[in-house]
Novice: 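Mind having a look at this structure? Questions to follow.
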There are 2 protein chains.
Amino acid sequence: MHKLDKIDLKILKILQLEGRITKAALAERVGLSPSPCWDRLKKLEKAGLIGGYHANINLKKLASNVTVFVSAELADHTAASFRAFENAVQKYDEIIACWALGGGFDYLLQIVTVDINAYQKLIDEMLDARIGLSRYYTYIVTKPVKANQTLPLELLLGK
Amino acid sequence: MHKLDKIDLKILKILQLEGRITKAALAERVGLSPSPCWDRLKKLEKAGLIGGYHANINLKKLASNVTVFVSAELADHTAASFRAFENAVQKYDEIIACWALGGGFDYLLQIVTVDINAYQKLIDEMLDARIGLSRYYTYIVTKPVKANQTLPLELLLGK
DNA sequence: CTTGAAACAAAAGAGAA
DNA sequence: TTCTCTTTTGTTTCAAG
């Protein structure tokens, strides 16, 4: 973990929201001249605190699509079967996120496909591929209510 | 919806992964000279296909934290109570995402806090605030298995 | 952290394929 | 239209203090 002062934190906060801001503008926003701001940013990037920069695609305007969450349970709870499932998950582009869970279910998957048929086809394919998937529940997203691009950095850092 | 040719699609794909790529480099990658590429990008942005650019903060390296998914059911299923809940959700910074679901549960929430105590405190606060939350289940994330920054654009556009 | 300078990128226009 | 080329302005990067 890295020591962050208020200005570093502000840099991160701004970049979360405006990933393509110019370094000159960023410097102004945090109250520094370009050089020291640039030094800080480079340090933050080198420390691995910034994972990367990404454009957010507005899928709604681009193509018909459906987002589905799937809570999944594996047949076997061996280390090998967890590994096999996790490897398999990487291979499907439609699975845009996956989390291992403590408690009732083993995994939560977030899947994006063109429609429900494509989703069902994907699930059938996964079942056929014998990646260890046993019980699962499907939750279809009817509306995105909130999609923050920003983590609550102050809350987490206690400032 | 917008008509995209192969090059537009390629621009979007690259920007999903490299949000801070220079326009000259982007042009080269898609096989255009800077100006036409810049024109296309401007059109894509104006059409609202690019929601924004964001830095990805590597939270693991920054502070202790826990991610929790919560499936939530409301007491009342009136339009007014949905609205009230959705408004309330916007106010909590710890709730980084929320989706309305069809089927068993009403909402799925993604929450990030420093630890489980902070999570429980937040839930208690939400229950006290009488925002309509009735039954809920907590799924603690033990491991992020996959976190694609990229949507499967080709799959969705059928190319 | 400041200054300053060289290298580079962004933005916009004129005009050719 | 869609691209190439050129120019101006602004940004990035990095010394040196």
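Quick note: numbers below take in every heavy atom, side chains included, and nothing from hydrogens, waters or symmetry partners. The chains referred to below are lettered A, B, ... by the order of the sequence lines, with proteins before strands, and numbering in each begins at 1.
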Novice: For the atom pair CG (A:L12) and CD (A:Q16), what is the distance rounded to the nearest 0.5 Å?
Specialist: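 Reported to 0.5 Å precision, the distance equals 7.5 Å.
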Novice: Considering only residues two or more places apart or on different chains, which pairs with a residue in residues 43-65 of chain A satisfy ring pair (Phe, Tyr, Trp, His ring centres under 6.0 Å)?
Specialist: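 The answer is none; no pair qualifies.
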Novice: Phosphate oxygens OP1/OP2 of C:dC1: is one of them under 4.0 Å from a side-chain N or O of A:S33?
Specialist: no
Novice: Would you check, one step at a time, whether the test side-chain hydrogen bond (donor to acceptor under 3.5 Å, both in side chains) holds for A:Y107 with A:E86?
Specialist: CA-CA 9 Å; A:Y107 293 100; A:E86 291 176 16; 2.6 Å; yes
Novice: A:F82: what forms a ring-ring contact (aromatic ring centres under 6.0 Å, His included) with it, not counting sequence neighbours?
Specialist: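 Partners of A:F82 by the ring-ring contact (aromatic ring centres under 6.0 Å, His included) criterion, ordered by chain and then number, come out as A:H77.
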Novice: Only pairs under 3.5 Å count here: list side-chain donor-acceptor contacts from residues 91-105 of chain B, not counting sequence neighbours, and write none if there are none.
Specialist:
none

Novice: Could you tell me whether the phosphate oxygens of D:dT2, OP1 or OP2, come under 4.0 Å of any side-chain nitrogen or oxygen in B:R40?
Specialist: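 Looking at the OP1 and OP2 atoms of D:dT2, neither is under 4.0 Å from any side-chain N or O of B:R40.
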Novice: Separation of B:K43 atom NZ from C:dA12 atom P, in whole Å?
Specialist: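 Distance, rounded to whole Å: 15 Å.
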Novice: Mind grabbing the angle between the end helix axes of the helix from C:dC1-D:dG17 to C:dA17-D:dT1? Five pairs an end, 10° rounding.
Specialist: 30°
Novice: When rounded to the nearest 0.5 angstrom, what is the spacing between CG in B:L26 and SG in B:C37?
Specialist: 4.0 Å
Novice: Tell me: OH of B:Y53 to C1' of C:dA10, nearest whole Å?
Specialist: 13 Å
Novice: Tell me the interatomic distance from B:E28, atom CD, to C:dA10, atom P, rounded to whole angstroms.
Specialist: 13 Å
Novice: Let me confirm one number: the CZ-NZ distance from B:R29 to B:K13, rounded to the nearest 0.5 Å.
Specialist: 10.0 Å
Novice: Scan nucleotides 12-17 of chain D nucleotide by nucleotide, 5' to 3', and note B when protein non-hydrogen atoms come under 4.0 Å of the base, S if they reach only the sugar-phosphate, - if neither.
Specialist: SSB---
Novice: Got a sec, which residues hit side chain to side chain contact (heavy atoms under 4.5 Å, CB included) with A:T138, two or more places apart in sequence or on another chain?
Specialist: A:V68, A:Y119, A:Y136, A:I140
